[in-house]
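Structure first, commentary second.
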There are 2 protein chains.
Amino acid sequence: MFDYDNMGDLFIENIKKLFFPEEWINLDLKFSKSEIFAMLFLDKRKEITMTELVEYINSPMSTATGIVDRLVKSRYVQRDRSEKDRRIVILRLTEDGTKLVKSLKGMISEYINMIVDDLTEEEKQFMMGIILKVVHNLQKKLDTAIPNTQDNNEIKKIIIE
Amino acid sequence: MFDYDNMGDLFIENIKKLFFPEEWINLDLKFSKSEIFAMLFLDKRKEITMTELVEYINSPMSTATGIVDRLVKSRYVQRDRSEKDRRIVILRLTEDGTKLVKSLKGMISEYINMIVDDLTEEEKQFMMGIILKVVHNLQKKLDTAIPNTQDNNEIKKIIIE
DNA sequence: GCGAATACTACGTTTGCCGAAGTATTCGTT
DNA sequence: AACGAATACTTCGGCAAACGTAGTATTCGC
């Protein structure tokens, strides 16, 4: 069993920086974490709805609206209504947005390389294996441990008379 | 060389949660990341000054004041003036604070265990080694890349006539 | 055809961060 | 001892992001 006093301090000290990415991710322009994740997601999916975005970044609708507002205002994202269902908003990257994500990805690669390229090929392989294993198991545990925070889609029908 | 399209998506997806710790730390009461780090630091050192706190969490004084204000208001931290130098503020955990950190550490241990305890002893060892190596090298690179953000303690004596 | 459900937006509040100015105390020099 | 500079903070005001609540528009289901 893991005990905080043994390794916890060391662990925390070492990953502390990770919890304040804004300090070392010094992007040229100002974007919040959520904005960056939103754009990466958009780049991958090409077209998404607000609801999909909300699911991805795991935030309330009103927060997502704010994020998209900013991205639209700065001309990186386009916001259209669906023809089929006019309630639905369809988000797309603009050309500027696509360019930006491209350079963003470059930057992310650089960071990952900084992390990884002091490792030997063997170590990289090993690490990737461990990460996958850890992520897989963690996901499984979180899903079973706190299903309510994960999906809170209990359907409650309340009849008012 | 690392290329985003190969592994980047996978990587980002997997560490995404890490960038939003507030989502999974939010058990118990409400604390910001900085508040938690401050309390852990305080627990380790027992007594610290504001300046030491600022160095640790790497923020401006005014931010630290805010953090401590909140912790004092919620009765987890005590704020006294030093007898020897009455400019200096000495911070200590209250009894409640100590209790809280204890349970906090427990929680952190649990999280780390969740991550780690599916790994074999060999894998744990290997992982710790890799983490240390990575952190060490990353630190070195960041220091040389942007030395100005790290230590801005050039002494400038300006004589005004 | 109409009430409920869905997919959002608008608005106002709160939270945390931070720069600039202010206060209190001590240090260093003469 | 005296006083200007340095140190160690706090106060204040402003800002950006997150978010709860209420509101709008559209579609679904019976």
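Just so we're on the same page: letters track the sequence lines, and every chain starts at 1. The basis for the numbers below is simple: all heavy atoms, side chains too, and nothing from hydrogens, waters or symmetry mates.
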Inset, instruction - Return the value, rounded to whole Å, for the distance between atom CD1 of B:I90 and atom P of D:dT10. - result: 13 Å
Inset, instruction - Looking only at side-chain atoms of B:R86, point me to the closest of D:dT10, C:dT25, D:dT26. - result: C:dT25
Distances under 3.5 Å between protein N/O atoms and the N/O atoms of nucleotides 18-20 of chain C, please, pair by pair.
from: C:dC18; atom 1: OP2; to: B:T63; atom 2: OG1; distance (Å): 3.4
from: C:dG19; atom 1: N7; to: B:S62; atom 2: OG; distance (Å): 2.9
from: C:dG19; atom 1: O6; to: B:S62; atom 2: OG; distance (Å): 3.2

Legend entry - N/O donor-acceptor pair under 3.5 Å between A:R81 side chain and A:R86 backbone: yes
Inset, instruction - Looking only at non-hydrogen atoms, find the nearest pair between B:T94 and B:Q78 and report the distance. - result: CG2-N, 4.0 Å
Legend entry - Distance, rounded to the nearest Å, where A:L53 contributes CG and C:dA7 contributes P: 14 Å
Legend entry - Closest to side chain of B:R87, choosing from C:dT9, D:dA17, C:dT26: C:dT26
Inset, instruction - Return yes if some donor-acceptor pair links the side-chain N/O of A:D43 with the main-chain N/O of A:M39 below 3.5 Å, else return no. - result: no
Inset, instruction - Identify which nucleotide among C:dT9, C:dT25, D:dA8 has an atom closest to any side-chain atom of A:R79, counting heavy atoms from C-beta outward. - result: C:dT9
Inset, instruction - Without swapping roles, check the side chain of A:E35 against the backbone of A:S32 for a donor-acceptor pair under 3.5 Å. - result: yes
Legend entry - Nearest to side-chain heavy atoms of A:R70, which nucleotide of D:dA18, D:dC9, C:dC8: D:dA18
Legend entry - Distance, rounded to the nearest Å, where B:F37 contributes CZ and C:dG16 contributes C1': 16 Å
Inset, instruction - Take the protein atom CZ of A:F31 and the nucleotide atom P of D:dA17, then report the distance between them rounded to whole Å. - result: 11 Å
Inset, instruction - Measure the distance from NZ on B:K84 to P on D:dA8 and round it to the nearest whole Å. - result: 15 Å
Inset, instruction - For the side chain of B:M50, starting at C-beta, report the closest nucleotide among D:dT10, C:dC8, D:dT26. - result: D:dT10
Legend entry - d(CD1, A:I57; P, D:dA18) in whole Å: 8 Å
Legend entry - 5' precedence on DNA chain D between A:S34 and B:V68 (nearest-nucleotide basis): B:V68
Inset, instruction - Please answer whether the main-chain N or O of A:T49 pairs with a side-chain N or O of A:E52 as donor and acceptor at a distance below 3.5 Å. - result: yes
Inset, instruction - For B:T49 and for A:E83, find the nucleotide of DNA chain D with the closest heavy atom, then tell me which residue's nucleotide is more 5'. - result: B:T49
Inset, instruction - For A:E52 and C:dC8, give me the distance from atom CD to atom P, rounded to whole Å. - result: 9 Å
Inset, instruction - Indicate, with a heavy-atom threshold strictly under 4.0 Å, whether B:M61 touches base, sugar-phosphate, or nothing. - result: base
Legend entry - Atom-to-atom span, CD1 of B:I88 to P of C:dT26 - whole angstrom: 9 Å
Legend entry - Distance below 4.0 Å between B:T65 side-chain N/O and D:dT11 OP1 or OP2: no
Legend entry - Under 3.5 Å: donor-acceptor pair, side chain of B:E123, backbone of B:T120: yes
Inset, instruction - Could you please spell out the steps behind the side chain to side chain contact (heavy atoms under 4.5 Å, CB included) verdict for A:L40 and A:K105? - result: CA-CA 8 Å; A:L40 286 174; A:K105 281 177 171 182; 4.3 Å; yes
